[in-house]
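Written out below as structure tokens is the structure these notes cover.
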Amino acid sequence: MSIQAIKGVKDILPGDIAAWQRIEETARRLFEDFGFSEIRVPIFEYTDLFARSIGASTDIVEKEMYTFDDRDGKKITLRPEGTAGVVRAFIEHKMYADMPLAKLYYMGPMFRHERPQKGRYRQFYQIGVEAIGVDHPHVDIEILSMLYTLFSRLKIEGLTLQINSLGDGACRGAYRDALKQYLKTKLPVLCGDCQRRYETNPLRVLDCKVDAGKFEDAPVMLDYLCEPCKKHFHTVEDGLKSLNIPFVINARLVRGLDYYTRTTFELVMEHTGAQNTVAAGGRYDGLVQEIGGPASPGIGFALGVERAISLMDTRTIPVPRPALFVCALGPEAGAIVLPVIYQLRSSGIMVETDYTDASLKSKMKKADKSGAGYTLIIGEQEMEKGKAVLRNMQTKEQKELPLAHIELALQDLLSARNQKE
RNA sequence: GUGGGCGUAGCUCAGCUGGUAGAGCACAAGGUUGUGGCCCUUGUGGUCGCGGGUUCAAGCCCCGUCGCUCACCCCA
């Protein structure tokens with residue numbers, strides 16, 4: 001049997017690429033409008049970076065990373081998410097030194113060894129942004145409004161922005177204790193996973209789908225926020241309202257990575273399969289210090305490109321069409337046409353042709369399929385007359401062009417047409 | 001890691017209670033045509049995922065295996 005692609009990875013074929021380019025270009029333009037610059041960081045890092053940032057006891061680190069020994073014995077991991085690498089670069093290049101707020105975006109593949117499923121692959125693509133250096137709530141609003149605008153520019157509807165606050169070091173401990181106290185009484189009726197989470201990560205119990213609905217009366221983090229956190233959260237709320245960005249508060253919203261603090265959010269799609277979070281993120285005020293940098297607050301989000309594309313109406317994305325399709329019949333015609341095609345292409349005109357010995361009927365079919373604006377036909381009759389036939393594929397008008405200076409005639413015609421459009 | 005569904009032509013799929021394979025689209029040739037589209041005729045193309053077993057006979061039944069897919073878990 002022939003060799004196949006690795007389980008859980010996907011080829012993005014030419015027929016699908018338009019949607020990818022659309023989403024990448026839209027994001028680039030928008031992020032730059034908001035003053036963000038692109039950063040490209042490696043797709044692998046020392047394993048320790050991810051263990052320290054994401055959290056050693058999270059599922060991602062415990063059982064989903066692609067980790068291997070480098071030839072010198074050091075542990076290397078293919079990045080399972082983007083924030084860790086960007087923060088590492090932020091520290092390594094001392095980006096805090098020359099700008100108070102580093103505003104960065106990135107796009108590229110991430111790797112997690114999970115069981116593949118709709119909207120979940122082992123190599124998947126994320127577009128993410130990070131704003132590091134300032135903890136003002138207006139930074140949160142900038143990030144959230146940018147996320148919101150990205151999806152409206154992509155004309156993706158039916159999404160809900162959910163926000164929550166996880167508090168900070170000053171108040172989360174008290175909440176955790178209160179929650180454990182509460183869960184203790186419920187322990188016997190919880191699913192096996194939640195009984196385990198009670199010890200490892202009690203906040204996640206609230207996010208459980210099996211036990212959903214059992215915690216109506218559970219204490220929520222929002223009630224335990226310390227004054228600074230409360231003020232921060234309310235400012236974010238008010239800011240979103242003043243920008244007319246719709247959102248809902250989801251007090252049960254918990255994130256799977258340990259580094260999040262204060263503002264967290266998810267963009268959730270309705271009426272989709274199980275993987276219904278298309279973008280998510282939050283504040284991570286302790287992360288930079290955790291990795292060994294100076295205390296610098298940060299906030300960011302990442303969106304799943306495959307998931308976003310699944311929501312786009314890809315039929316409306318225009319695909320490039322040749323201005324001219326050349327049908328040459330026989331070797332003599334082929335020889336004449338070769339330099340013509342080259343010259344047109346060199347001067348920036350998209351030209352396609354067919355090199356097979358197929359009949360004119362068949363070649364015309366290909367021309368039609370390509371969506372070309374014009375078709376140039378050179379067969380035996382045309383050779384004898386010293387003229388080629390140029391057909392407008394829409395109006396079906398035909399005209400004869402002298403073979404002697406055909407390149408000039410075509411160039412004039414086609415570039416005039418391009419300008420009109 | 002756990003569970004369900006599915007693997008037949010390049011694509012989408014039929015295939016009865018077991019009798020050594022079909023359609024549509026696509027592709028190619030021809031006819032018609034105002035040199036292409038619509039229509040008509042013909043043609044190319046399949047180790048029925050792979051390996052065992054039962055049987056006179058397996059695409060179909062049984063066992064194993066690989067792959068895809070959906071869901072749980074987790075996450076973007």
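Numbered from 1 within each chain, the chains take letters A, B, ... in sequence-line order.
- Residue A:Lys363 is classed as having no contact, given no heavy-atom separation below 4.0 Å to the nucleic acid.
- For the residue pair A:His232 / A:Asp140, a side-chain donor-acceptor distance below 3.5 Å is found, with atom types taken as modelled.
- Looking at A:Arg120, its side chain has no donor and acceptor atom pair within 3.5 Å of the base of B:C70.
- Contact check, A:Lys10 against B:U69: a side-chain N or O comes under 4.0 Å of OP1 or OP2.
- Closest approach to the A:Ser359 side chain among B:A76, B:G36, B:A29 is made by B:A29 (side chain taken as heavy atoms from C-beta onward).
- When each of B:G37, B:C75, B:G67 is scored by its nearest atom to the side-chain atoms of A:Arg307, the top-ranked nucleotide is B:C75.
- Interface remark: the A:Lys369 side chain does not form any donor-acceptor pair with the B:G36 base, using a distance-only criterion of under 3.5 Å.
- Comparing B:A76, B:U35, B:G1 by their closest approach to the side chain of A:Leu360 singles out B:U35.
- No contact: A:Lys63 has no heavy atom under 4.0 Å from any strand.
- Position along RNA chain B of the nearest nucleotide to A:Ala358 versus A:Ile377 favours A:Ala358 as the more 5'-ward residue.
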*Which letter, B, S or -, goes with each nucleotide of nucleotides 38-47 of chain B from 5' to 3', with contact meaning a protein heavy atom under 4.0 Å?*
----------

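- A:Ala308 comes within contact range of no nucleotide atom at all, as no heavy-atom separation falls under 4.0 Å.
- Using a 4.0 Å heavy-atom criterion, one finds that A:Gly119 contacts the bases of the nucleic acid, with or without backbone contacts as well.
- If you check every strand for non-hydrogen atoms under 4.0 Å, A:Ala367 touches nothing.
- For the 3.5 Å distance criterion, the side chains of A:Tyr284 and A:Glu130 qualify, holding a donor opposite an acceptor.
- A:Val389 comes within 4.0 angstrom of a nucleotide base, judged by non-hydrogen atoms across all strands.
- Applying the 3.5 Å distance criterion, the base of B:C73 shares a donor-acceptor pair with the side chain of A:Gln117.
- Pairing of B:C61, defined by two Watson-Crick or G-U wobble distances under 3.5 Å, is identified with B:G53.
- Listed nucleotides: B:G36, B:A28, B:A76. Nearest to the side chain of A:Lys366: B:A28.
- Within 4.0 Å of A:Glu81, counting heavy atoms only, lies no atom of the nucleic acid at all.
- Distance from the side chain of A:Glu382 is smallest for B:U35 among the nucleotides B:C75, B:U35, B:G37.
- Between B:C75 and A:Thr277, no contact under 4.0 Å exists linking OP1 or OP2 to a side-chain N or O.
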